[in-house]
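Bear in mind the structure is a predicted one, so any value in this text is a computation, not a measurement. Chain identifiers are assigned alphabetically (A, B, ...) following the order of the sequence lines, protein sequences preceding nucleic acid strands; residue numbering begins at 1 within each chain. Just the heavy atoms: all of them, side chains too, but no hydrogens, waters or symmetry mates, feed the values below.
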Protein chains: 2
Amino acid sequence: MGSVTHTDNGSSPAAPAARGRAADTSRGEQTRQAIVTSAIRLFGEAGYEKTTMRAIAADAGVSVGNAYYYFPAKEALVSEFYLELQREHLARVEPILSSGTSFGDRLAAILREGIEVWAPHHAFAGRFIGIAAVPGSPVSPFSTESTQARELATSIFHRLVDSTETKMDPQLRARLPQLLWLAQLGLVVYWVHDTTPGQRRTRAVVDLAVPYLEYLVGASRMKIFKPLTTRGLALLETLWPHAAR
Amino acid sequence: MGSVTHTDNGSSPAAPAARGRAADTSRGEQTRQAIVTSAIRLFGEAGYEKTTMRAIAADAGVSVGNAYYYFPAKEALVSEFYLELQREHLARVEPILSSGTSFGDRLAAILREGIEVWAPHHAFAGRFIGIAAVPGSPVSPFSTESTQARELATSIFHRLVDSTETKMDPQLRARLPQLLWLAQLGLVVYWVHDTTPGQRRTRAVVDLAVPYLEYLVGASRMKIFKPLTTRGLALLETLWPHAAR
DNA sequence: TCCGAAAGTTGAACACGTTCAAATCGGAGC
DNA sequence: GCTCCGATTTGAACGTGTTCAACTTTCGGA
């Protein structure tokens with residue numbers, strides 16, 4: 001699960017220093033970090049609603065108003081939480097991509113690691129998805145603000161697809177990363193609503209869905225499946241034009 | 001678009017009269033209706049956030065506290081709004097089901113009417129989906145509270161499938177109504193995020209997706225597609241066991 | 001007709017997210 | 001050292017959803 005928000009900002013002040021991931025040690029950046037750290041911890045401990053802005057500010061040792069100097073709204077802080085988890089997912093995915101196992105095995109591993117990373121925050125994720133689902137929100141997976149994060153997430157699947165030798169329809173290959181990202185999105189939604197203990201159901205779905213996808217992908221190069229593949233890709237082109245990346 | 005919420009309640013008082021759709025003329029029911037009417041109108045006019053509970057209460061000629069006697073939260077009022085639109089969709093769908101056109105034509109018509117009904121409230125729907133997406137919410141399409149509405153919605157597709165003579169895999173036929181409901185859910189999500197004027201893109205997707213679905217359904221009875229169909233249905237069974245209706 | 005309980009209604013009060021005018025801080029230029 | 005200006009910080013105040021103790025109305029039964 002790693003795809004929803006924008007990757008850099010969340011800050012409002014006029015960014016005097018370079019826009020990088022490297023730590024800015026200025027006073028402002030320190031304060032910002034303190035707020036983010038407190039927010040992440042409290043969100044994780046008590047959930048979204050029960051964590052008040054006043055509590056975050058108090059925990060960070062600043063005033064409420066000060067928190068709003070760095071973040072336009074409480075929602076902006078959840079994207080920081082999300083980023084934190086996305087980073088961890090990325091780190092865990094790295095060795096999987098380098099491994100020499102099959103397409104399906106690696107895909108399943110990627111998806112499972114995503115579930116693993118989010119598992120401790122299942123309740124929180126329920127609220128998160130509510131925020132991410134509303135179109136205007138910058139954390140919506142379809143928003144322009146999250147373009148960067150979206151590309152980052154699809155890049156994982158790009159690397160997966162590029163490094164696989166499974167034979168498949170070449171046009172499908174070009175679009176597969178995006179399709180897998182879409183599938184992952186669906187899986188996240190399913191996982192969030194999965195109330196079975198430890199979300200066993202979702203894991204079972206992964207176990208079944210991944211080999212199925214692998215089968216479909218392999219089938220795509222067979223002549224009999226050509227119209228199915230071609231028309232499906234045409235639909236995808238309308239749904240989500242390739243040029244739009 | 002018609003599937004998300006529970007069909008009856010939304011009221012908290014201890015339901016003294018019969019639990020029916022027939023108008024209860026007692027004072028309480030009158031007040032309830034006044035609140036609902038005001039809420040629906042104001043939501044439609046100004047959107048979700050800009051419509052305050054105070055405004056709804058004032059418009060209905062009652063106190064704020066009184067509104068909370070009938071509805072546990074502001075969210076509960078949006079499900080009333082949703083119900084209103086669902087009723088209209090149902091009414092519009094009736095003649096379509098009775099018409100003798102092809103499976104695809106009728107499916108497309110059903111989906112298009114759904115879009116039509118919601119079209120004036122595109123902005124509002126954006127907020128609505130944010131509320132419906134959070135697992136705990138009674139308006140979540142997957143919640144137990146909305147079981148009735150879910151069955152009502154799938155019943156539309158049930159009737160559509162039952163009255164179609166298109167040849168298809170019998171097991172697929174049994175599951176098709178639920179699959180179409182799922183597809184409709186996806187379409188709603190797409191529509192909500194569709195920012196093209198008049199949501200042209202969504203309409204284009206319907207135009208392309210419905211014939212594709214029709215093609216897939218028809219293909220399901222062919223021998224070559226058997227494994228594809230069977231495995232897909234097995235996946236669906238894990239995803240959403242048939243017994244659970 | 002009257003009583004009492006249940007149903008319905010009220011508005012003030014609370015907690016929260018958010019805003020903002022004002023206070024403070026820190027460093028560049030003199 | 002002093003001054004000034006932008007960056008940072010503050011806390012009171014606002015508008016919101018929601019709660020609640022108290023009040024009023026309704027109505028079945030004595």
- Figure out the CD1/C1' separation between A:I35 and D:dT8, and round it to whole Å. 11 Å
- Ranking D:dT9, C:dT19, C:dT9 by distance to the side chain of A:Y69, first place goes to D:dT9
- Task: State whether the distance check finds a donor on one side and an acceptor on the other, under 3.5 Å, for side chain B:R54 versus base D:dG17.
- Result: yes
- Message: Of the options C:dT9, D:dT8, C:dT18, whose atoms approach the side-chain atoms of A:N66 most closely?
- Response: D:dT8
- So which nucleotide from D:dT9, C:dG8, C:dG17 ends up closest to the side chain of B:Y70? C:dG8
- Nearest-angstrom distance from the residue atom CD of A:E49 to C1' of D:dG17: 12 Å
- Message: Is there a side-chain contact between A:I131 and A:Y48 in this structure, where contact means two heavy atoms from C-beta onward sitting under 4.5 Å apart?
- Response: yes
- Query: In Å, rounded to the nearest 0.5 Å, how long is the span from CZ of B:R175 to CG of B:L180?
  - Reply: 12.5 Å
- Identify whether any heavy atom of B:V64 sits under 4.0 Å from a base atom; if not, whether one sits that close to sugar-phosphate; answer base, sugar-phosphate or nothing. base
- Message: Rounding to an integer number of Å, can you tell me how far A:E75 CD sits from C:dC16 P?
- Response: 18 Å
- Regarding the side chain of B:Y68, the nearest nucleotide among C:dG17, C:dT18, D:dG17 is D:dG17
- Note on the structure: Taken to the nearest whole Å, CD/B:E29 to P/D:dT25 is 22 Å
- Item | Phosphate OP1/OP2 of D:dG15: any B:T52 side-chain N/O under 4.0 Å | no
- Tell me which nucleotide among D:dG17, C:dG17, C:dT10 gets nearest to the side chain of B:V62. C:dT10
- Message: Do the side chains of B:R41 and B:E84 get close enough for a salt bridge, i.e. N-O under 4.0 angstrom?
- Response: no
- Between A:F81 and A:F43, how do the two ring planes meet: parallel, tilted or perpendicular, split at 30° and 60°? perpendicular
- Message: Rounding to an integer number of Å, can you tell me how far A:K74 NZ sits from C:dT19 P?
- Response: 14 Å
- Task: Report the distance from atom CD1 of B:I56 to atom C1' of C:dT9, rounded to the nearest whole Å.
- Result: 18 Å
- A:M53 CE to D:dA13 P, in whole Å, measures 20 Å
- Message: Of the listed nucleotides (D:dT18, C:dT18, D:dG11), which one gets closest to any side-chain atom of A:S63?
- Response: D:dG11
- Quickly work out the A:Y48 OH to C:dG17 C1' distance and round it to whole Å. 9 Å
- Message: Quick one: does any side-chain atom of A:S143 pair with a main-chain N or O of A:V139 as donor and acceptor, under 3.5 Å?
- Response: no
